[in-house]
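First comes the structure, then the notes that go with it.
FYI, side chains are in, hydrogens and waters are out, and symmetry mates aren't considered; it's all heavy atoms of this structure.
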Amino acid sequence: MSPSDDNGHDQLTRFLIGRAGVRGVHVRLDASWRQIRGHGDYPEAAAELLGEACTAAALFTGHTKVDGRLSIQLRSSGTLRTLFAECTAAGTLRGIARLEDGATPSRDLRQLGDDTLLAITIENPAVGSREPVRYQGMVALDADNLADAFEGYFVQSEQLPTRLLLAAGERHAAGLMLQKLPGDEGDEDGWHRVGALFDTLGSDELLALPAGELLNRLFHEDGVEQVAGKPLTFACSCSEDRVAAMLVSLGEEEARAAADAADGQAHVRCEFCGREYRFDQARIGELFKAHAVELEGPSRPQ
């Protein structure tokens, strides 16, 4: 896909504003967001937070080198128990929110509880003989919304001025991230000029316009240029093998009890994609036989 290709649907676009010395990333989610939202019956506030988190996860893969996956996770003992969004280097997205039964969470992050934690995690796969690499950064919850919280995180962690706007509606989610290029690139007033234009952008306009039209409308006088892009799509990493491994981790007694409790089969439903896996007693027995053989290992040196 060439940088100029812009169909407005489920797309990450990286760009430069040359005269101002600013780089940026734009993300628009259409079908992928509707699939993620459709897998849970969320109140509006929770859906908006989830859409913004999914958009942010995609944005950050366009900003930071990610070879594996980047996730955003919020944990709390309050009304919003878990908020999780993940984007892979291949552009696949998934996300979920878990709430206290019957609760509607606040959109204000500062109201979620004193024990609330928000983290950005990058997991890159092993390369050659190297071990997998995992980075995690904690995001301060001293802002009332995700965009401002992430802005503060990047300013602190990278010491570069950063602007971020996130929005999520019923059918679309979108985000725009700007960052001053390191060094003296761009004219002296570039960052302030671009920031003033950024401040004119509202959530409705961000959700309504595809990348090309939005960027040209805001930054055409400073020579905005799309430099890279990639499609985004919903995908789940669940599989029968992973569910089988989870059942084995429970132990045979508990796995068989789960099967007894539901028509002789263990039912496991993936919360991310809704796919249901079923294991009857015979299949559970096969799993634990195979596991026992793996534990025994070879009977003699090979």
Side-chain angles (χ1 to χ4, degrees), residues 31-42 46-47 50 53-54 57 67-77 80-103 119 121-134 136 232-302:
S32 58
W33 166 232
R34 291 192 289 273
Q35 285 180 278
I36 291 169
R37 180 169 182 167
H39 292 134
D41 183 16
Y42 301 119
L50 179 58
C54 290
D67 297 319
R69 63 188 70 236
L70 182 148
S71 63
I72 290 168
Q73 186 164 10
L74 181 149
R75 291 183 178 177
S76 170
S77 62
L80 180 61
R81 298 298 172 85
T82 300
L83 183 69
F84 178 87
E86 177 186 87
C87 185
T88 68
T92 63
L93 287 158
R94 63 176 186 162
I96 193 171
R98 294 191 182 99
L99 309 174
E100 182 182 8
D101 289 345
T121 304
I122 297 172
E123 298 175 83
N124 288 329
V127 178
S129 60
R130 297 181 181 178
E131 294 291 321
V133 179
R134 186 175 187 268
Q136 186 172 74
L232 301 167
T233 186
F234 169 78
C236 188
S237 58
C238 73
S239 68
E240 185 167 320
D241 287 344
R242 288 192 173 193
V243 175
M246 181 274 291
L247 288 173
V248 168
S249 72
L250 294 177
E252 186 168 4
E253 184 177 347
E254 189 169 344
R256 288 192 178 278
D260 286 337
D263 68 10
Q265 297 186 95
H267 296 249
V268 180
R269 181 180 180 275
C270 176
E271 293 182 277
F272 288 98
C273 68
R275 182 178 176 184
E276 187 171 276
Y277 298 87
R278 299 185 182 190
F279 293 78
D280 60 20
Q281 292 285 6
R283 178 76 175 108
I284 291 171
E286 291 171 2
L287 292 179
F288 283 95
K289 277 185 181 178
H291 181 60
V293 170
E294 289 175 7
L295 290 178
E296 288 175 6
S299 58
R300 63 186 180 196
Q302 300 295 306

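Here Glu240 contributes atom CD and Arg283 contributes atom CZ; the two are 5.5 Å apart, rounded to the nearest 0.5 Å. To the nearest 0.5 Å, atom CD of residue Gln281 and atom CZ of residue Arg256 are 5.0 Å apart. One distance of note links CZ of Arg275 with NE2 of His39; it measures 12.5 Å at 0.5 Å rounding. For the atom pair OH of Tyr277 and CZ of Arg242, the computed distance is 9.5 Å after rounding to the nearest 0.5 Å. Atom CD1 in Ile284 sits 11.0 Å away from atom CD in Glu254 (nearest 0.5 Å). Taken to the nearest 0.5 Å, the CD1 atom of Ile96 stands 4.5 Å off from the CZ atom of Arg98.
Side-chain contact between Phe234 and Arg34 is absent, with no heavy-atom pair separated by less than 4.5 Å. Here the side chains of Thr121 and Arg134 are in contact, with some heavy-atom distance below 4.5 Å. Side-chain contact between Thr82 and Leu74 is absent, with no heavy atoms from C-beta onward closer than 4.5 Å.
No donor-acceptor distance shorter than 3.5 angstrom exists from the side chain of Asp67 to the backbone of Asn124, with no hydrogens or angles considered.
Across all their heavy atoms, Phe288 and Ala255 have their closest contact at CE1-CB, 3.9 Å. Counting all heavy atoms, side chain and backbone alike, Gly95 lies closest to Cys54 at CA-SG, 4.2 Å. Smallest separation of non-hydrogen atoms from Ala53 and Ile72: O-CD1, 3.6 Å.
In this pair, Phe272 and Phe84 present their aromatic rings perpendicular. The plane angle is above 60°, beyond the 30 to 60° band.
The pair Glu86-Arg94 meets the salt-bridge criterion, since a charged nitrogen lies less than 4.0 angstrom from a carboxylate oxygen.
Atom CD of Glu253 has 12 or fewer neighbouring heavy atoms from other residues, nucleotides or ligands inside a 6.0 Å radius. Within 6.0 Å of CZ in Arg81 there are more than 12 heavy atoms belonging to other residues, nucleotides or ligands.
Every residue two or more places apart in sequence or in another chain was checked for a salt bridge (Lys or Arg N to Asp or Glu O under 4.0 Å) with Asp280, and none qualifies. Taking Glu100 as the reference, nothing meets the side-chain hydrogen bond (donor to acceptor under 3.5 Å, both in side chains) condition, with sequence neighbours excluded.
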